[in-house]
Novice: 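My questions all concern the structure below.
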Amino acid sequence: MNTLVLFDIDGTLVQGGPAKDAFHSAMEATYGTRGAVDQVSFSGKTDPQIARELLLGVGRSHAEVNAGLPQLWDLYLAGLGRRLPDLPVEILPGVVELLDVLDGLVEIGRGLVTGNILDGARLKLGSADLHRRFPINGELVGAFGCDSEHRDDLPGIAMMRAEKVWGRRFAPERVVIVGDTPRDVACGQFAGTRTLAVATGRFEVDALQSAGADLVLEDLSDTDRVVEWILE
């Protein structure tokens, strides 16, 4: 095994679902406000970063934000778990087919780099039966919003964890970040990895190319091309 592929979740593997509703309800219950929802973009950010920006935007202090985060995540996860059976996420084109091929390639390891907190990632993937495609010894491999509020930190964390799981170091140039936003591209660039961007989220091909992604595709449906590029 000499290559590691790290997938974003929302807009890359899946779309839809009730996460925003669950998050907004948890914000109101915890802080009494949804925050500056008209001023803050969620795309490509970690869950803690989103909460902090929303609350700072309505005058809350960092201390107030920090004090409420444990309750926020408890309420968010409970609400997400209740809602997902009626509104599961949808798998995006080409994802299952790509994962099927990667299953048979012993030279490629895979994991996640996502702004979702760990249990949120587990719930979302589970609602689409994708959770079983990523665990090692029952745990999801990768890095999550609960590991760092700053997305640029996540690839390095995921690479260190992968090294422990598989007992080998993955050189940054043999690591691929797969995502759907310029922030996914930027975090890969920060870590020195290769980047594959897909226009299955809120950003078009041109925007992802401008962000500097090494490869930009409409989606992951051209399995042969994706795998050939990963193995280059």
Side-chain angles (χ1 to χ4, degrees), residues 6-84 87 89 111-127 131 139-161 177 179-191 201-203 211:
L6 298 169
F7 290 88
D8 172 54
I9 293 178
D10 298 296
T12 302
L13 296 175
V14 300
Q15 66 180 0
K20 275 198 174 181
D21 286 344
F23 182 77
H24 287 155
S25 294
M27 286 282 288
E28 290 178 338
T30 302
Y31 298 102
T33 177
R34 293 186 177 189
V37 292
D38 295 330
Q39 302 171 31
V40 175
S41 168
F42 288 25
S43 296
K45 297 179 181 178
T46 66
D47 287 348
Q49 179 184 5
I50 292 167
R52 189 173 303 277
E53 290 183 4
L54 287 170
L55 291 162
L56 294 179
V58 293
R60 301 299 177 88
S61 67
H62 287 286
E64 289 176 298
V65 176
N66 293 340
L69 287 177
Q71 177 178 318
L72 175 66
W73 302 137
D74 285 345
L75 294 175
Y76 164 65
L77 292 170
L80 183 61
R82 285 194 305 270
R83 290 170 169 84
L84 275 168
L87 190 63
V89 298
L112 301 162
V113 164
T114 173
N116 285 279
I117 60 174
L118 174 58
D119 286 336
R122 186 179 287 116
L123 285 169
K124 288 181 181 180
L125 292 176
S127 78
H131 60 298
E139 292 296 326
L140 296 179
V141 175
F144 307 88
C146 47
D147 293 315
S148 175
E149 197 164 314
H150 307 289
R151 194 170 191 113
D152 284 352
D153 294 338
L154 300 185
I157 294 170
M159 290 159 67
M160 287 190 293
R161 286 181 175 156
I177 301 291
D180 67 298
T181 76
R183 287 188 177 89
D184 296 305
V185 176
C187 79
Q189 293 170 333
F190 182 82
R202 297 183 58 189
F203 294 89

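The basis for the numbers below is simple: all heavy atoms, side chains too, and nothing from hydrogens, waters or symmetry mates.
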Novice: Could you tell me the separation between the CG atom of Asp184 and the CD atom of Gln189, rounded to the nearest 0.5 Å?
Specialist: 11.0 Å
Novice: Measuring only between side-chain heavy atoms, which start at C-beta, is Phe203 closer than 4.5 Å to Pro182?
Specialist: yes
Novice: Kindly indicate whether the side chain of Leu13, heavy atoms from C-beta on, has any atom under 4.5 Å from the side chain of Thr114.
Specialist: no
Novice: Mark yes or no for whether Arg151, through its side chain, and Gly44, through its backbone, hold a donor-acceptor pair below 3.5 Å.
Specialist: yes
Novice: Go through it in stages, so that I can follow the logic: the residues are Leu54 and Arg60, the test is side-chain contact (heavy atoms from CB on, under 4.5 Å), and I'd like the CA-CA distance, side-chain angles, deciding distance and then a yes or no.
Specialist: CA-CA 9 Å; Leu54 287 170; Arg60 301 299 177 88; over 6 Å; no
Novice: What's the separation between atom CD1 in Ile177 and atom CG in Leu112, rounded to the nearest 0.5 Å?
Specialist: 10.5 Å
Novice: Between Ile157 and Phe144, is any pair of side-chain heavy atoms under 4.5 Å apart?
Specialist: no
Novice: Apply the test side-chain contact (heavy atoms from CB on, under 4.5 Å) to residues Asn66 and Arg52: give CA-CA distance (whole Å), side-chain angles for both, the deciding distance (0.1 Å), then the verdict.
Specialist: CA-CA 8 Å; Asn66 293 340; Arg52 189 173 303 277; 2.5 Å; yes
Novice: Could you pull out the closest heavy-atom pair between Ala121 and Ile9, with the gap in Å?
Specialist: CB-CD1, 3.6 Å
Novice: Just verifying a value: how many Å separate Asp47 CG and Phe23 CZ, rounded to the nearest 0.5 Å?
Specialist: 6.5 Å
Novice: Quick one, Asp180 and Gln15 - any side-chain contact, counting heavy atoms below 4.5 Å?
Specialist: no
Novice: Salt bridge or not between Asp21 and Arg82? Use side-chain N to carboxylate O under 4.0 Å.
Specialist: no
Novice: Any heavy-atom pair between the side chains of Leu154 and Thr46 that's under 4.5 Å?
Specialist: yes
Novice: Do Thr30 and Tyr76 come within less than 4.5 Å of each other through their side chains, counting heavy atoms only?
Specialist: no
Novice: So for atom CZ, which belongs to Phe42, do other residues, nucleotides or ligands contribute more than 12 heavy atoms lying within a distance under 6.0 Å?
Specialist: yes
Novice: Apply salt bridge (charged side-chain N to carboxylate O under 4.0 Å, His left out) to Asp8 and Arg183, showing your working.
Specialist: CA-CA 11 Å; Asp8 172 54; Arg183 287 188 177 89; over 6 Å; no
